[in-house]
Amino acid sequence: MAAGSSPLVATSKIGKSFRNGTVALANVDLAIAEGAFLSILGPSGCGKSTLLRLIAGLTPPSTGTIEWQGGTPARISFVFQEPTLMPWATVWDNVYLPLRLLGMSTAEAATCIDEALAAVGLDGFAKTYPRELSGGMKMRVSIARALVTDPQLLLLDEPFAALDEITRFRLNEDLLRLWQRHHWTVVFVTHSVFESVFLSDRIVVMSKRPGRITADVPIDLTYPREESLRVAPDYGALCQQLSASLAEASQ
Amino acid sequence: MNERVAKIVAPLTVGLVILAAWEFLVRAAEIPPYILPGPVIIAQTLWTDGPSLMGSLWVTLRITLVALAAAVVLGGLIAVLFAQSRLLELSFFPYAVILQVTPIVSIAPLIIIWVNDTFLSLLICAWIVAFFPVVANTTLGLNSADRNLVALFKLYGASRWQILRFLRMPSALPYFLAGVRISGGLALIGAVVAEFVAGTGGSATGLASRILESGYRLEIPRLFAALLLLSLTGILIFAALSWLSHALLAHWHESALPEEE
Ligand SMILES: Nc1ncnc2c1ncn2[C@@H]1O[C@H](COP(=O)(O)OP(=O)(O)OP(=O)(O)O)[C@@H](O)[C@H]1O
Ligand SMILES: [Mg+2]
């Protein structure tokens, strides 16, 4: 990213109130640099999912605006907090969906799909239906579906929350590797301080009622990040700092 | 006893016990056949009158099946149109309801007067009775697609047609099939009711007119035999549609999944 270039997307003073009167977000200013790995950390119900949906354009903001670099929204992939798979379609067909909507034939799409399935460790489950998968496996299908289009902006809403620690760590590293290889911009929502510090180059902490940003912390750890980082002292110090911010935000 | 055997044996036993009790009652109380025939006489009548009754059954069945097909196709199309435009749904749905709640016996005479062709008039009556469950269920199904999936489709730039074809239609399939299952029985009822209204006059006489006719002539065993054929037909239609529904949903829908292992 060249210094001084405009961010990929920037929200200015956006807010969201729902019809039932809930003010989910208020006055959020967030500029996301191209190529960033940004994590959003915050207590349950503080509006993280809402913010992500606003950025993706799935719901319009009640106040404020969203500016895109060059005026047009980026190619976005979204991983919902729930797997959100089509129960009538096999794993393969679920991952094929974005490409199918782009008009790609099964033959053209096959390599991409197999790669995406392999990336989340689900090769061999192509012909399986979602109901035959565990919760974590469904979530990985959902991630494969997001990866398959090679997006500019990848929005992930607690994608690894349902996974065991080993799988989670592995997918953390895989995600980092993919991010570096493809130069995506990633916005990653999580409850886990450790995960967010391990992954991100910047962490935003949110607090609730109304949802707002209370801390914005750059993470100056070098990439590539390896398993060994998880026991490094500067990693520990950052985790401590973020935990304190999160505790403050949760009050 | 295992579930599958029980499913067949249990209701069969109940049926046989009832039949035996019926036969016994009729003989013990010496009830004459023109008041209440016993199962044995009914079975004999079914055997001797079978060929002619089967001809009548075919007339009724043809109306039923064509009406059901029309209900499925037109009902499905109407539902798709409703799902495309909320305004269309709001404008026309109340009239579908009105058509549904108006007793068919009260409008059948009009239809029979207006439409010259007997087959066609009976068909229209049966269709009016049968189409509503398909429309109502399919509309509900098309509108029940997962919100997040709809959002996902839009995010990937899906056209209205793609959302309909790849998302709304598959989501609606279980609802649609449930509607068709109800419509199958209703189409038969509609056909019979319309035949009753049309009376025995027509050239093509369905099972309903045979029932009427037998009633007038006090040939009660034949009336029962015709009634039996009618229920068997209804059961068969329901079973066939249930099987179809199960087969189409077997891979994924909760309703068609085997018991938890
Ligand atoms: N469709 C909706 N209608 C009304 N209120 C809503 C709706 N969606 C979310 N909310 C409210 O907005 C607030 C923020 O919700 P959101 O889902 O963004 O939280 P979150 O930070 O993602 O929480 P979690 O970590 O538990 O997923 C909550 O108080 C919630 O009750
Ligand atoms: Mg959330």
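The figures here come from the full heavy-atom set of this structure, side chains too, leaving out hydrogens, waters and symmetry mates. No experiment lies behind these values; they were computed from the predicted model shown. Protein chains get the first letters and strands the later ones, always in sequence-line order, with residue 1 at the start of each.
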So for [X], is it side chain, backbone, both, or neither that comes closer than 4.5 Å to the heavy atoms of chain B?
{"X": "Arg75(A)", "value": "neither"}
{"X": "Leu97(A)", "value": "side chain"}
{"X": "Phe78(A)", "value": "both"}
{"X": "Thr149(A)", "value": "side chain"}
{"X": "Leu58(A)", "value": "side chain"}
{"X": "Glu132(A)", "value": "neither"}

Quick one: does [X]'s side chain get under 4.5 Å of [Y]'s, heavy atoms only?
{"X": "Asn148(B)", "Y": "Arg53(A)", "result": "yes"}
{"X": "Leu249(B)", "Y": "Trp88(A)", "result": "no"}
{"X": "Tyr156(B)", "Y": "Leu102(A)", "result": "no"}

Practice item. Determine the option with the most heavy-atom pairs under 4.5 angstrom with chain A, choosing from Pro170(B), Ser171(B), Ala158(B). Key: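 Counting heavy-atom pairs under 4.5 Å, the top option is Pro170(B).
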Practice item. Please say whether more than 12 non-hydrogen atoms of neighbouring residues, nucleotides or ligands are located less than 6.0 Å from CZ in Phe92(B). Key: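 Open: at most 12 neighbouring heavy atoms sit under 6.0 Å from CZ of Phe92(B).
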Review point. Just how far is it from atom OG of Ser77(A) to atom CG of Leu152(B), taken to the nearest 0.5 Å?
Key: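 So the OG of Ser77(A) and the CG of Leu152(B) are separated by 8.0 Å.
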Point to revise | Rounded distance [0.5 Å steps], CH2 in Trp252(B) versus CE in Met86(A) | key: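 So the CH2 of Trp252(B) and the CE of Met86(A) are separated by 11.0 Å.
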**Study point:** Where Gln162(B) and Arg100(A) come nearest, the two heavy atoms and their spacing
**Key:**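 Reported closest heavy-atom pair: NE2-O, 4.0 Å.
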Exercise for review: Go through the atoms of Ser159(B) and report whether side chain, backbone, both or neither lie under 4.5 Å from a heavy atom of chain A.
Suggested key: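 Neither the backbone nor the side chain of Ser159(B) comes within 4.5 Å of chain A.
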Practice item. Verify, without hydrogens or angle tests, whether Arg131(A) (side chain) and His251(B) (backbone) share a donor-acceptor contact under 3.5 angstrom. Key: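 Answer holds: yes.
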